[in-house]
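See below for the structure under consideration.
For the numbers below, each heavy atom of this structure counts, side chains included, while hydrogens, waters and symmetry mates do not. None of the values given here were measured: they were computed from a predicted structure. A, B, ... follow the sequence lines: proteins, then strands. Residue 1 opens every chain.
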Number of protein chains: 2
Amino acid sequence: MEAKKTFFNLPEEKQKRVLETALEEFSEKGYEGASINLIVSKLGIAKGSIYQYFTDKKSLFLYIFDYAVELIRKTLKQVKYETREEPTFERIRRSLIAGVDFIERHPFIYRGYLKMMFEREAPFRQELLQRIRLFSSEYLTSLLVEGKEKGEIRKDVNLETMVFLLDAVMDRFLQAYTIPYLDSGLNLNQMKRPEIEGHVDEIVELIRKGIGK
Amino acid sequence: MEAKKTFFNLPEEKQKRVLETALEEFSEKGYEGASINLIVSKLGIAKGSIYQYFTDKKSLFLYIFDYAVELIRKTLKQVKYETREEPTFERIRRSLIAGVDFIERHPFIYRGYLKMMFEREAPFRQELLQRIRLFSSEYLTSLLVEGKEKGEIRKDVNLETMVFLLDAVMDRFLQAYTIPYLDSGLNLNQMKRPEIEGHVDEIVELIRKGIGK
DNA sequence: CTTAAAAATGACCGGGTAGTCATAAAGACC
DNA sequence: GGTCTTTATGACTACCCGGTCATTTTTAAG
């Protein structure tokens with residue numbers, strides 16, 4: 001387990017405050033860059049206190065990571081369930097919108113994920129990254145498999161390749177929404193709902209039909 | 001100018017060694033994480049010497065950045081020229097292969113670019129990122145515009161949206177080649193040439209025709 | 001009220017960082 | 001060989017880091 005007993009004896013709201021503060025710090029600076037000193041000073045507690053809750057920086061990080069993964073897992077599961085009767089491309093559309101909503105609700109989690117993807121220093125980086133990527137690719141794979149059964153998806157192309165393309169475009173869409181200058185002139189960054197949905201529709205349509213004439 | 005006169009008085013091979021060593025350090029650790037101490041010790045020179053060549057960490061970083069950008073610019077220009085008579089989707093295919101080759105030849109540049117995309121700390125990060133992204137999106141835009149004129153590309157869809165999709169997939173392909181666990185099960189990471197070309201062909205075909213039935 | 005257990009504290013440690021600067025070494029010119 | 005300029009050097013400064021631990025404060029039990 002990542003946290004010590006003392007941490008769980010804390011009032012729930014304080015646990016949450018610790019978690020949120022650390023999450024913000026890690027997601028903005030990355031694992032190495034995050035400062036325990038800054039976290040405790042933001043929390044207004046003594047340096048030693050955080051070491052009553054967690055054995056070290058690593059275990060604090062892993063605790064937060066687990067929390068984030070669980071949130072993502074639940075969200076994906078829910079979208080999958082809510083759209084279970086919808087056509088495949090509607091499900092893809094809804095998944096993208098859900099992604100935008102998730103980032104809106106938990107801005108630091110997605111930022112933290114992007115940070116970690118290109119860090120070498122995070123502890124167990126490879127295993128953790130694998131965990132997240134597996135979610136995403138299992139999710140998309142199941143969407144496409146069901147789509148094939150319903151006859152909405154091509155059967156003459158490698159499933160993995162289609163998952164790759166879908167994953168690439170969806171992830172980049174969310175990246176462009178989160179980070180400026182990543183959207184090739186689409187200006188998605190922090191765009192508001194009605195407009196963003198228009199772009200989602202266009203992208204999904206393009207994934208369906210391709211760019212060739 | 002980023003470097004001091006003293007730096008340019010150095011023998012060219014030493015200039016190159018400094019540049020390569022610093023590039024490696026920055027691309028592996030990011031701007032904040034990179035250590036001047038480590039760079040000079042790898043180079044076998046005194047700490048003070050590097051400050052004879054560059055005023056500070058920032059200007060060393062900017063010098064390296066400029067070098068990398070120039071390399072990318074030249075490479076894109078060349079591919080564009082070499083494929084000028086080819087059909088659009090062949091040009092896209094060739095561009096992807098050129099990307100793989102570039103990473104093979106200059107492994108630290110692409111890694112550094114990825115690092116910077118998700119760092120907050122790099123100096124002038126936004127301006128620098130914008131510079132690179134603009135290259136890429138101008139390049140893809142011109143490919144697609146010429147493709148439209150030749151009647152190979154759809155005309156009923158927003159050009160920017162097509163550029164976005166193309167950019168997303170191509171960039172992710174190179175990311176997956178560079179970093180493990182980003183490829184949704186395609187196992188692109190460090191894959192050898194004949195196989196990787198097969199995947200490129202499949203991806204490009206999918207971009208052309210879409211995943212819908 | 002007393003006592004024992006649990007939690008909070010912050011000065012302190014060893015080690016890392018970017019950058020400085022007086023001094024020494026090397027080169028260039030006559 | 002002497003003089004002046006350019007380059008190389010590394011000890012040093014001020015600051016930040018993660019983590020420790022003896023001590024104090026708070027809480028709970030009897």
> What about A:Lys47, does its side chain sit under 3.5 Å from the base of C:dA11 through a donor-acceptor pair?
Replying inline: no

>> Both A:Asp56 and B:Lys14 contact DNA chain D. Which one's nearest nucleotide lies toward the 5' end?
In response: B:Lys14

> D:dT20 P sits how many Å from A:Ile50 CD1, rounded?
Replying inline: 14 Å

> Between atom CZ in B:Phe26 and atom P in C:dT17, what is the gap in whole Å?
Replying inline: 13 Å

> Which one of B:Tyr113, B:Tyr110, B:Phe118 satisfies the ring-ring contact (aromatic ring centres under 6.0 Å, His included) criterion with A:Phe118?
Replying inline: B:Phe118

> Base, sugar-phosphate, or nothing: which does A:Lys57 touch, judged by heavy atoms less than 4.0 Å apart?
Replying inline: sugar-phosphate

> According to the interplanar angle, ranging from 0 to 90°, do the rings of A:Tyr63 and A:Phe7 count as parallel (below 30°), tilted (30 to 60°) or perpendicular (above 60°)?
Replying inline: perpendicular

> B:Lys58 NZ to C:dT17 C1': how many Å, rounded?
Replying inline: 17 Å

> Under 4.0 angstrom, heavy atoms only, what part of the nucleic acid is A:Ser49 near: base, sugar-phosphate, or nothing?
Replying inline: base

> Of all the choices, C:dG19, C:dT17, D:dG18, which nucleotide is nearest to the side chain of B:Asn37 once you look at every atom?
Replying inline: C:dT17

> Contact class for B:Phe54 (heavy atom, under 4.0 Å): base, sugar-phosphate, or nothing?
Replying inline: nothing

> Does the pair B:Glu86/B:Arg93 count as a salt bridge with the N-to-O cut at 4.0 Å?
Replying inline: no

>> Whether A:Arg193 and A:Glu197 form a salt bridge (side-chain N of Lys/Arg under 4.0 Å from carboxylate O of Asp/Glu) is what I want to check.
In response: yes

> Between A:Asn9 and C:dA6, is there a side-chain N or O to OP1/OP2 distance below 4.0 Å?
Replying inline: no

> Of the candidate nucleotides C:dT9, D:dT7, D:dC17, which contains the atom at the shortest distance from the side chain of B:Gln52?
Replying inline: D:dT7

> Given D:dT7, C:dG10, D:dG18, which nucleotide is nearest the side-chain atoms of A:Tyr51?
Replying inline: D:dG18

>> Between C1' on D:dT6 and OH on B:Tyr53, what's the gap in Å once rounded to a whole number?
In response: 12 Å

> What nucleic acid atoms does B:Phe7 come within less than 4.0 Å of, heavy atoms only: base, sugar-phosphate, or nothing?
Replying inline: nothing

> Roughly how many Å is it from CD in A:Glu121 to P in D:dG18, rounded to a whole number?
Replying inline: 14 Å

> Rounded to whole angstroms, how far apart are CD1 on B:Ile36 and P on D:dC15?
Replying inline: 20 Å

>> Taking A:Glu13 first and then A:Lys16, would you say they form a salt bridge - that is, a charged N and a carboxylate O separated by under 4.0 Å?
In response: no

> Closest to the A:Thr6 side chain: C:dA18, C:dA7, D:dA8?
Replying inline: C:dA7

> Which nucleotide in the set C:dT9, D:dC17, C:dA8 lies at the smallest distance from any side-chain heavy atom of A:Ser35?
Replying inline: D:dC17

>> Quick check on DNA chain D: between A:Gly48 and A:Gly33, whose nearest nucleotide comes earlier from the 5' end?
In response: A:Gly33

> Between atom CD1 in A:Ile45 and atom P in C:dA6, what is the gap in whole Å?
Replying inline: 20 Å

> Quick one: B:Lys4 NZ to D:dT7 P, roughly how many Å, whole number?
Replying inline: 11 Å

>> Before we go on, tell me: are the rings of A:Phe102 and A:His106 under 6.0 Å apart, centre to centre?
In response: yes

